[in-house]
Amino acid sequence: QSYGDSGNSRAGLADTMTLASTDECSATEPVQQWTFNDTYPGLLCNAATPKQCLNVPDCQVDQEIGLYKPSTPSGGSCVKRCGCTAVKGQHCGLGPGTLDCMTNEQFALTDCEATVCHLTSQIAGGCVSETSRGTVQISLNTTCGGWSYDASTKLVQSKTSGRCLGRWQNAPPPPPGPLPGSTTATQENIDYLIKWVKGLKEKKNLTIDSLGIGYNEGAFNVDWMKAAKSQFVAAGLTDLLTIGTDDCCGGEYGVVPHMQADPVLNAAIDILGAHCTGTQNGQKNPDSRTLSMGKPLWNTEQHFGLPDPSPAVCWEFSTALQLAATLNQQYVVSNQTSVQMWTPIYSWYDFLPYRGKGLMVANRPWDGSYNVSDTIWTMAHTTQFTERGWFYLGACGLLPDGGSYVSLAPADGSELTIVIETAAATATQTIHFEIDSGIAAKGPLSCWTTVEGAVFQQQASVKPGPGGVVTVIVPPNAVWTLSTTTGQSKGVGPVIAPASPFPMPYNESFSGYPEDTLPKYFSDMHGAFAVAVDANASGNAVLRQQAAPTKPYCTHGRGATAYAVVVGDASWSDYSVQVRWKSEGGNNDTSNEFIYVGSHGGAEPGSIKPESFYTSAPFGRHGVVVQLWMTGAWALSAAGEKTPIAQGTGSWRSGEWHTLRLALHAGNATASVDGAYLGAGAITESAPAGPAWLGCGLHYCAFDDFEVSQTR
């Protein structure tokens with residue numbers, strides 16, 4: 001256990017465990033010289049028989065680490081920290097951490113008896129004895145003198161469920177908000193956050209335990225973050241952890257230099273958060289400067305099924321295997337002790353990007369079908385066998401022939417869970433885990449396995465052999481969990497309804513919904529569409545676009561020139577859309593005040609970019625669009641055409657209710673308003689199909705009596 005653990009320190013450790021100094025080393029003891037193994041790249045090995053190796057994926061081949069073995073009166077067999085030789089490449093990245101021989105903090109002096117060398121928290125990988133090709137032996141001691149070995153300097157929260165985390169994008173507060181171009185780091189934002197966190201607790205009994213205070217995947221404001229933390233504390237939110245700063249894509253941990261130079265900022269950020277971290281995601285691992293901050297590292301947005309935006313879908317077994325590797329190696333390789341998946345449930349239309357990116361699928365509410373995919377059960381290999389507050393032990397690392405293993409235990413060392421994944425393995429591997437006597441005495445470890453076609457299956461328990469050794473033979477492309485815990489199960493739900501197409505014809509009057517809710521099947525692409533009462537229609541319910549006329553400032557979709565909501569199915573073709581509409585203005589610019597309706601938005605799964613619905617020039621990147629300006633102009637546009645296929649003028653105005661109909665049949669599009677023909681044009685795009693959408697410019701508008709029907 002090293003000191004300075006911001007999350008799971010235990011008072012009194014310094015009084016019960018001592019660290020040897022170089023003066024206590026025997027001058028006659030040889031130095032253990034650890035060098036790189038030519039046969040197995042990424043392993044740093046000594047000259048013992050059998051040799052002992054460490055997983056060191058980040059080390060360079062010209063680096064050597066020298067370790068002294070001390071002599072002690074007790075004759076204990078643990079390797080004790082006595083000192084390191086000054087070697088070339090002082091900062092050698094071992095597993096997720098950094099073995100810095102100049103800091104001399106890597107090995108703990110213990111008086112444990114009958115234990116094998118156990119590396120403490122700074123080195124994920126434990127002590128691996130390599131006996132033959134494909135066979136590794138791992139020393140795994142959960143307790144020593146009453147203290148559990150753990151991943152210190154990390155706030156370990158291995159269970160992914162149960163946490164309420166709020167990601168605040170440092171965006172403008174509700175209207176009127178800051179003017180375009182002004183800073184979004186406002187006092188109003190801080191006030192809003194405090195009210196939001198307290199309100200959720202008071203009204204919903206929901207505790208937000210951590211909050212991002214940077215801008216999502218964007219810039220951050222140092223002064224604002226310091227002010228926010230100070231005011232959170234002053235408001236009584238002393239337990240609210242702050243995360244800085246949710247960066248990604250090469251910009252991870254950009255706040256660290258600022259924290260090093262500013263103690264107040266350093267104190268204001270409790271957790272360093274980043275998205276899709278590490279070499280697994282094609283990004284860099286945390287560097288020595290980041291690790292030296294002593295802050296917990298959280299992956300606050302992990303994608304799976306990469307690459308984006310057309311990932312491998314979650315119902316493919318290869319995606320489930322990738323998730324298992326992600327959960328293990330985000331700690332082993334990248335030091336992350338929290339991995340938050342994007343997303344838990346995939347519930348958007350298949351025709352939009354990031355199709356299938358979720359732990360399970362539930363995006364067909366019209367027929368009630370859903371898919372509990374294999375990804376749920378590969379995550380269960382971790383979450384059903386651990387609890388929040390457990391520690392990653394030192395024995396976590398990469399396997400010689402591909403894959404990884406992690407071990408976790410509660411603070412009192414009373415339980416043990418080992419998770420093994422071999423997603424990248426090239427051969428079957430025999431692994432020996434040497435368990436300490438206290439855990440071995442609990443009896444056999446439960447064993448659950450996953451391979452393609454047999455996911456999350458309970459096997460016969462594994463009994464520790466002589467010396468507490470547990471041996472497993474794990475094939476490639478598998479996930480295994482060994483655990484002293486019990487009570488796990490693979491849930492069996494009701495019979496799932498069969499999938500069916502989105503209903504046609506379809507109509508929606510928006511009646512019967514509570515105010516400020518989104519009607520079923522309608523999905524916002526940009527803006528805020530919700531059911532509201534039309535003040536001029538005797539309480540009639542309508543669908544109203546309620547976002548401010550000020551252009552939204554957001555992480556994605558900054559190029560929006562319109563608001564849009566989509567509904568329907570990729571298989572729809574040859575149909576008409578009819579809706580009553582009213583433009584309500586609000587931007588004092590009638591030349592940019594318009595409403596529009598589109599159809600046949602695209603049939604290819606995952607192919608339709610949201611901006612195709614909310615970028616006004618040119619409309620019609622997919623399907624057919626009719627656009628009505630409040631100046632009286634109109635245009636009918638189609639995919640593949642650089643100019644409108646029909647256009648003209650009409651007599652509608654802002655604040656008036658009118659009915660717009662757009663029909664497509666046999667390659668011809670027709671538009672009408674209030675039953676009066678506007679115009680028509682031929683569609684050159686072959687076999688158009690896809691959903692319908694509607695919206696307006698960056699202003700308020702309302703819709704009612706939406707109908708979709710087949711054309712004949």
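Because the structure is predicted, anything quoted here is derived from the model rather than measured.
Ring geometry for Phe502 versus Trp572: interplanar angle over 60°, hence perpendicular rather than tilted (30 to 60°).
Between Met360 atom CE and Cys314 atom SG the span is 9.0 Å, to the nearest 0.5 Å. Here the OG-CG distance, from Ser651 to Asp674, works out to 8.0 Å after rounding to the nearest 0.5 Å.
Considering Gln330, Glu252, His275, Gln280 as possible partners of Asn299, the one that fulfils the side-chain hydrogen bond (donor to acceptor under 3.5 Å, both in side chains) test is Gln330.
More than 12 heavy atoms of other shown residues, nucleotides or ligands fall within 6.0 angstrom of atom NZ in Lys201.
Aromatic rings of Phe522 and Phe510 (six-membered ring for Trp) have centroids within the 6.0 Å cut-off, being under it. Aromatic ring centroids of His600 and Tyr575 lie under 6.0 Å apart. Centroid-to-centroid, the aromatic rings of His658 and Trp581 come within less than 6.0 Å. Two rings, from Trp342 and Tyr354, have their centers less than 6.0 Å apart.
Side-chain contact of Gln187 with Tyr192: a donor-acceptor pair under 3.5 Å is absent, judged by distance alone.
At least one test fails for Arg355 against the ring of Tyr346: distance under 6.0 Å to the centre or angle within 45° of the axis.
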Just do the side-chain contact (heavy atoms from CB on, under 4.5 Å) check on Met525 and Leu352 with the steps written out, would you? CA-CA 10 Å; Met525 297 293 99; Leu352 295 171; 3.7 Å; yes

Chi angles and distances behind the side-chain hydrogen bond (donor to acceptor under 3.5 Å, both in side chains) call for Asp705, Asn507: CA-CA 7 Å; Asp705 298 330; Asn507 61 78; over 6 Å; no

Run the side-chain contact (heavy atoms from CB on, under 4.5 Å) check on Tyr596 and Leu694 step by step: do they pass? CA-CA 6 Å; Tyr596 60 97; Leu694 47 86; over 6 Å; no

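Between the side chain of Gln710 and the main chain of Ser573, a donor-acceptor pair closer than 3.5 Å is present. Side chain of Asn363 to backbone of Trp348: a donor-acceptor contact under 3.5 angstrom is found.
Contact check on Arg544 versus Asp534 returns no salt bridge, with no Lys/Arg side-chain nitrogen under 4.0 Å from an Asp/Glu carboxylate oxygen.
For a disulfide, the SG atoms of both cysteines must be under 2.5 angstrom apart; this holds for Cys701 and Cys696.
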